[in-house]
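First up is the structure itself, then whatever we jot down about it.
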2 protein chains.
Amino acid sequence: MTEQQPVGALPRPTLESVAERAGVSRATASRVVNGGEGVRESLRAKVQQAVDELGYVPNLAARTLVTRRNGAVAVVVAEPESRLFSDPFFAQHLRGISRELSAADNQMVLLLVEDQHDYERVGRYLAGGHVDGALLFSLHHSDPLPEMARRVGLRTVIGGRPGWPGAEADRDLLYVDSDNRGGARLAVQHLRSLGRARIATITGPLDQTSSIDRLDGYRDLLPDGDPELIAEGDFTADGGGRAMARLLARRPTLDAVFAASDAMASGALRVLREHGRRVPEDVAMVGFDDVESIAAWTDPPLTTVRQDIEEMGRLMARLLLRRLAGTGGPGPTSIIIPTTLVRRASA
Amino acid sequence: MTEQQPVGALPRPTLESVAERAGVSRATASRVVNGGEGVRESLRAKVQQAVDELGYVPNLAARTLVTRRNGAVAVVVAEPESRLFSDPFFAQHLRGISRELSAADNQMVLLLVEDQHDYERVGRYLAGGHVDGALLFSLHHSDPLPEMARRVGLRTVIGGRPGWPGAEADRDLLYVDSDNRGGARLAVQHLRSLGRARIATITGPLDQTSSIDRLDGYRDLLPDGDPELIAEGDFTADGGGRAMARLLARRPTLDAVFAASDAMASGALRVLREHGRRVPEDVAMVGFDDVESIAAWTDPPLTTVRQDIEEMGRLMARLLLRRLAGTGGPGPTSIIIPTTLVRRASA
DNA sequence: GGGTTTTTTGAGAGCGCTCCCAATTACTGC
DNA sequence: GCAGTAATTGGGAGCGCTCTCAAAAAACCC
């Protein structure tokens, strides 16, 4: 517990020392450091010089203590074990968020939630007022975090459409999502334009809104579709393969598949191959996500629906920052990001 | 700039209010909150009850201001554009770090560095004393961050063996790395045990120590190897494919390839297929990393060298925490994590 | 040039917490 | 029961900063 001072670490200069060196009061030095409004140029320059010479950096803790602003935002990821750690989604999200936050000189505190104990820890942290706002990810239906955040008055933006009852109507609940439903329609439309008539789909876990929305998009275009052409997967390649096998058993004559993720599509492709089906000649395949490292490297390369994950992260951060600024104007509203079809060889 | 107080956000309870409610002094309340040593049980319970009833959470800023400890660690990732965002490495690293840090009740502040401007921003942040230590990732040879960190007396652990001159000798420079060299040896040894005689390798970019070490491992077992059997890639699938094509042009009779990453191996597999080579019959392939989403889903599934990325993250965090604790005993030393061979179908 | 207004500056309080030190209380042993 | 010692407790200073408010200085007006 002994705070072992690293060798050679000089005591950091304080505002006081800057002020003294510049021959002004602490208050004036503070003004200069925070923008310099209403300070005569001559003094401003003198203070600035002192800052440079001393290498002064404001002590954030002291500043936070009085302003009650942290200049930091929590990014909470509650996705135990799932595809987070096999897809590069996560990194792209973070990059988008990072870019937007750092442009506004905000820090990103990353909190990963895995088990019940973590929920408590994170809840405590969020309640602790250590961050000005939170970006919440990958919530299950009964996730307690949004309610927690609301209770402690923490401003929040959610990644992905929240699925619990009433969420949609809650104007206070900001979220950013890809246009999953529209993307699914793009995929099915494309398959239809290729003349495919028996189009199956492999869905994600149907307790997630993204899966539901993609299935809804599929149904939009195939309202009277054969329910036996729908199989539930779990967003993993393995699960996609198993779902594909079920579909083949039930409807051997299917001629196209829309898989709700690239990973599932890659598993499905493998199963099709094992069953002697040629892609795209016998069965056309469209994926979802456009994860470069999967879609571009399947055999054949995967036609898929692209969602701009990084943009999603960026917009989440921007929404939160705007909410934090609270400029009194009309509050920001949730955002749906368009998806596009990327044609490769599988359909 | 007007701090818009969220509706219903009560002023947070302070230590003062806890003390008052429990009928003790602020000092005693503080003791209880921080472990309760030397406080009579009866009082301790009373304070604890007040804490619970009020939902008191210590104000970190105030605490930091006096203790000069932040309870936060920076994770700096300086890997512009590279495989960070296609491989799931990043997420695994972070998970390892997160697990270790949160067990010690430390937060993780994530800083992504992309351009020159970011370096300044991050440098300023690290100098600002906002974190107790830093975990540095993916440094290029001339990366200024370690030196920056040292200058401001920030304790640091590096991910991956640092490559600049003198780094090895610097006892103050802690790092954690996989046993890249040993892993490469495992791969080549395995290929040899299969009776392969003309073993090529596709390296990563040779300005990174991980690439160099893997190549060194290859050379350890093939000291008199044909230099034309070595081609440099860039850790991407595309680059791996191109390197493979070069190798085939130069040495058409090669019968095995050790690729220094799974992504490169997947690109190489595709090129082999295009050239009519069967894997593993004509050419055996071993990758490196064991990225599940790649290695398990290539055709054929990839035999590869597994490195435990999450463990690496965990150990980095542990090393840093130990260094921060500075218990006076012998300082921690750098760690090399063993690698293992995972046999699948490609070799 | 005197009065008035406006702009610039500084003094001082206080954010919530820890920790030193002195005061108090609780135990010893005889 | 009392001195002596040990264990608890509380008072108060102070971490570095912002921000209000009043004083000082500069600018303006007739």
Side-chain angles (χ1 to χ4, degrees), chain A residues 1-3 5 9-48 50-51 54-72 127-130 132, chain B residues 1-3 5 9-48 50-51 54-72 127-130 132:
Chain A
M1 276 297 151
T2 46
E3 173 72 357
Q5 200 58 225
L10 306 172
R12 294 210 290 128
T14 70
L15 236 206
E16 189 77 48
S17 60
V18 169
E20 189 183 10
R21 186 182 190 96
V24 300
S25 73
R26 201 171 58 248
T28 298
S30 173
R31 286 191 191 95
V32 173
V33 169
N34 292 293
E37 304 258 313
V39 176
R40 230 178 332 164
E41 175 53 26
S42 62
L43 278 194
R44 208 200 55 70
K46 232 187 289 188
V47 172
Q48 188 58 55
V51 165
L54 259 39
Y56 170 75
V57 184
N59 180 322
L60 269 211
R63 179 179 285 172
T64 294
L65 188 55
V66 28
T67 62
R68 272 108 208 303
R69 235 172 295 114
N70 301 82
H130 310 319
D132 301 325
Chain B
M1 278 298 147
T2 46
E3 173 73 356
Q5 200 57 226
L10 306 172
R12 295 208 292 126
T14 70
L15 236 207
E16 188 78 48
S17 60
V18 169
E20 188 182 12
R21 187 181 190 96
V24 301
S25 74
R26 205 171 53 252
T28 298
S30 174
R31 284 189 193 97
V32 173
V33 169
N34 292 291
E37 303 259 312
V39 176
R40 230 178 332 163
E41 175 54 25
S42 63
L43 278 193
R44 209 200 55 71
K46 234 187 286 188
V47 172
Q48 189 57 55
V51 166
L54 258 38
Y56 170 74
V57 185
N59 180 322
L60 269 214
R63 177 179 287 173
T64 294
L65 188 55
V66 28
T67 61
R68 273 105 207 304
R69 232 172 296 114
N70 302 82
H130 310 318
D132 301 326

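Naming convention: chains lettered A, B, ... in sequence-line order (proteins, then strands); numbering from 1 in each chain. Note: hydrogens, waters and symmetry copies are ignored here, and every other heavy atom, side chains too, is used.
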Can you identify which nucleotide, out of [options], has its nearest atom closest to the [X] side chain?
X: Arg68(A); options: dG16(C), dC17(C), dT18(D); result: dG16(C)
X: Thr28(A); options: dT9(C), dC17(C), dC19(C); result: dT9(C)
X: Arg31(A); options: dG10(C), dG16(C), dA26(C); result: dG10(C)
X: Ser25(A); options: dG16(C), dG10(C), dC19(D); result: dG10(C)
X: Leu65(B); options: dT18(D), dT18(C), dG16(D); result: dG16(D)
X: Ala27(B); options: dG12(D), dC15(D), dC17(D); result: dG12(D)

For [X] and [N], what is the distance between atoms [atom1] and [atom2] respectively, to the nearest whole Å?
X: Leu54(B); N: dG16(C); atom1: CG; atom2: P; value: 13 Å
X: Asn70(A); N: dG16(C); atom1: CG; atom2: P; value: 13 Å
X: Asn59(A); N: dG14(D); atom1: CG; atom2: C1'; value: 13 Å
X: Arg63(B); N: dC15(D); atom1: CZ; atom2: P; value: 19 Å
X: Tyr56(B); N: dT18(C); atom1: OH; atom2: C1'; value: 11 Å
X: Arg26(B); N: dT18(C); atom1: CZ; atom2: P; value: 10 Å
X: Glu16(B); N: dG12(D); atom1: CD; atom2: C1'; value: 12 Å
X: Arg12(B); N: dG16(C); atom1: CZ; atom2: P; value: 9 Å

**Message:** Students often get this wrong, so: under 4.0 angstrom with heavy atoms, is Leu60(A) touching a base, only sugar-phosphate, or nothing?
**Reply:** nothing

**Asked** Closest nucleotide of DNA chain D for Ala29(B) versus for Arg40(A): which of these residues is on the 5' side?
**Response** Ala29(B)

**Prompt:** Do Val18(A) and Arg21(A) come within less than 4.5 Å of each other through their side chains, counting heavy atoms only?
**Reply:** no

**Asked** Is there side-chain contact between Arg31(B) and Val24(B), with at least one heavy-atom pair below 4.5 Å?
**Response** no

**Item:** Atom pair NZ/OG1 of Lys46(B) and Thr28(B) - distance to nearest 0.5 Å
**Value:** 11.0 Å

**Message:** Rounded to the nearest 0.5 Å, what separates atom CZ in Arg68(A) from atom CG in Asn59(B)?
**Reply:** 7.0 Å

**Prompt:** Does Asp132(A) reach the main-chain N or O of Asn70(A) with its side chain, forming a donor-acceptor pair under 3.5 Å?
**Reply:** yes

